[in-house]
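In what follows, a single structure is set out as structure tokens and then discussed.
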Amino acid sequence: STGEASDITLTSATINSTADVESISSKENIIVGIAYSVNKNKLHPDSVFNQKTYNLTKVKDKLYNITLSGLLTDTEYYYCSFTCAGKSYKLGNIKTFKTKSLDGALLTNDANDITLTSAILKGTSSISSLYPNGISISYGFKYAAKQTDLENENIAKAKIIGAKIENNNLTAELKGLNSSTTYYYCAYAKVGNVELTGQIKEFSTNSIDNYLTIDEAQNIAFTTAIVKGK
């Protein structure tokens, strides 16, 4: 039978199910597991669907649990337990769960300490609190000189800089930027193989013209001139 989903996070959920395997010999090449999909129609014995299997020898008192990972945020999934002998599937009852939303859990804040060639990027993340069993999470910022490079279909073009996190606050220093240039950026987190991004913001580096100026040339002769600047 298919059990309930628990420990639901942004990208994972644990499914607790049962399988009566006491009369099954391990030599029969039978497996148990969980099948899942965003499309309910794909949970069919004759269809291809995502699945995670479980070792029969580890089923204790007919109970087993499987953690599904690498899921999409804020998405409803259909799932069921199954047994499989060869290519023949037997499915349990189909149930649903919905992963948590990223809303408010990863925020991109305003950049500060902006100079001609650098800036401090800021962000906030409470993602770790959504994973009750703990998980390795890496943080950073993605940035680019074109906003389109931070949009979903093009985000691989963006550059990544790692960020420090302290009390849920993210910080990273960008260096080597071009002056008088607008940059677009967003807070970034990687949970397992899933990449999460916050909203896109922008900042502009200072213009060199505000700090390095030149006056009109003076005392111009055939081969000489006096040039002054500040």
Side-chain angles (χ1 to χ4, degrees), residues 1-103 105-106 125-140 142 151-156 160 188-198:
S1 64
T2 306
E4 299 299 324
S6 63
D7 294 338
I8 300 172
T9 70
L10 291 165
T11 60
S12 64
T14 298
I15 311 300
N16 305 283
S17 295
T18 62
D20 186 356
V21 297
E22 293 178 356
S23 61
I24 298 176
S25 168
S26 60
K27 296 180 181 180
E28 292 186 63
N29 194 28
I30 294 178
I31 60 175
V32 297
I34 297 294
Y36 63 101
S37 175
V38 295
N39 186 343
K40 185 177 182 180
N41 292 331
K42 288 191 175 182
L43 298 183
H44 186 279
D46 299 327
S47 299
V48 176
F49 47 83
N50 296 321
Q51 60 174 263
K52 285 200 173 183
T53 58
Y54 194 90
N55 191 327
L56 279 178
T57 61
K58 294 182 179 180
V59 176
K60 302 297 183 183
D61 298 324
K62 301 182 182 180
L63 301 176
Y64 69 98
N65 62 74
I66 291 179
T67 297
L68 309 179
S69 58
L71 306 178
L72 301 174
T73 62
D74 197 22
T75 301
E76 185 175 27
Y77 282 88
Y78 297 89
Y79 70 97
C80 65
S81 58
F82 72 85
T83 57
C84 177
K87 295 183 179 180
S88 178
Y89 286 89
K90 174 69 174 179
L91 305 186
N93 50 322
I94 296 175
K95 295 187 177 183
T96 67
F97 69 87
K98 189 175 184 179
T99 50
K100 292 185 178 179
S101 171
L102 188 60
D103 290 346
L106 183 63
S125 173
S126 59
I127 290 176
S128 60
S129 66
L130 301 177
Y131 289 84
N133 296 325
I135 193 170
S136 176
I137 304 173
S138 58
Y139 297 97
K142 289 194 172 188
E151 295 171 354
N152 290 337
E153 62 271 19
N154 298 319
I155 201 163
I160 300 176
Y188 161 88
K190 189 171 184 180
V191 183
N193 294 324
V194 180
E195 295 184 354
L196 306 172
T197 55

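- Contacts of E4 classified as salt bridge (charged side-chain N to carboxylate O under 4.0 Å, His left out), with partners at least two apart in sequence or in another chain: K95.
- For residues 33-52, the ring pair (Phe, Tyr, Trp, His ring centres under 6.0 Å) pairs, not counting sequence neighbours, are F49-Y89.
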Return all side-chain donor-acceptor pairs below 3.5 angstrom for residues 191-198, not counting sequence neighbours, or 'none' if the list is empty.
unit_1	atom_1	unit_2	atom_2	d
E195	OE1	K142	NZ	3.0

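- A donor-acceptor contact closer than 3.5 angstrom is absent between the side chains of K40 and T96.
- Shown here are the side chain to side chain donor-acceptor pair (under 3.5 Å) partners of T75, two or more places apart in sequence or in another chain: there are none.
- To the nearest 0.5 Å, atom CG of residue L43 and atom CG of residue L91 are 7.0 Å apart.
- Considering only residues two or more places apart in sequence or on other chains, F97 meets the ring pair (Phe, Tyr, Trp, His ring centres under 6.0 Å) condition with Y77, Y79.
- Counting heavy atoms from C-beta on, the side chains of N16 and L63 never come closer than 4.5 Å.
- Residues that satisfy the side chain to side chain donor-acceptor pair (under 3.5 Å) test with T14, not counting sequence neighbours, are T67.
- Looking only at side-chain heavy atoms (C-beta outward), T11 and Y131 come within less than 4.5 Å of each other.
- In this structure a side-chain-to-backbone donor-acceptor pair under 3.5 Å is missing from Y54 to I34.
- With sequence neighbours excluded, the residues satisfying salt bridge (charged side-chain N to carboxylate O under 4.0 Å, His left out) with D74 are K98.
- Listed for the T2 side chain is no donor-acceptor partner under 3.5 Å among the backbone atoms of I94.
- Take N39 and apply the side-chain contact (heavy atoms from CB on, under 4.5 Å) test, not counting sequence neighbours, and it matches S37, N41, K42.
- The side chain to side chain donor-acceptor pair (under 3.5 Å) check on S17 picks up nothing, with sequence neighbours excluded.
- Atom OG of S12 sits about 6.5 Å away from atom CG of L71, to the nearest 0.5 Å.
- With sequence neighbours excluded, no residue forms a side chain to side chain donor-acceptor pair (under 3.5 Å) with T99.
- For the atom pair D7 CG and L68 CG, the distance stands at 12.0 Å (nearest 0.5 Å).
- Between the CD1 atom of I15 and the OH atom of Y64 there is a distance of 10.0 Å, given to the nearest 0.5 Å.
- Contact detail for I66 and G33: the closest heavy-atom pair is CD1-CA, 3.9 Å.
- A 4.5 Å side-chain heavy-atom check between V32 and S81 finds every atom pair outside the cut-off.
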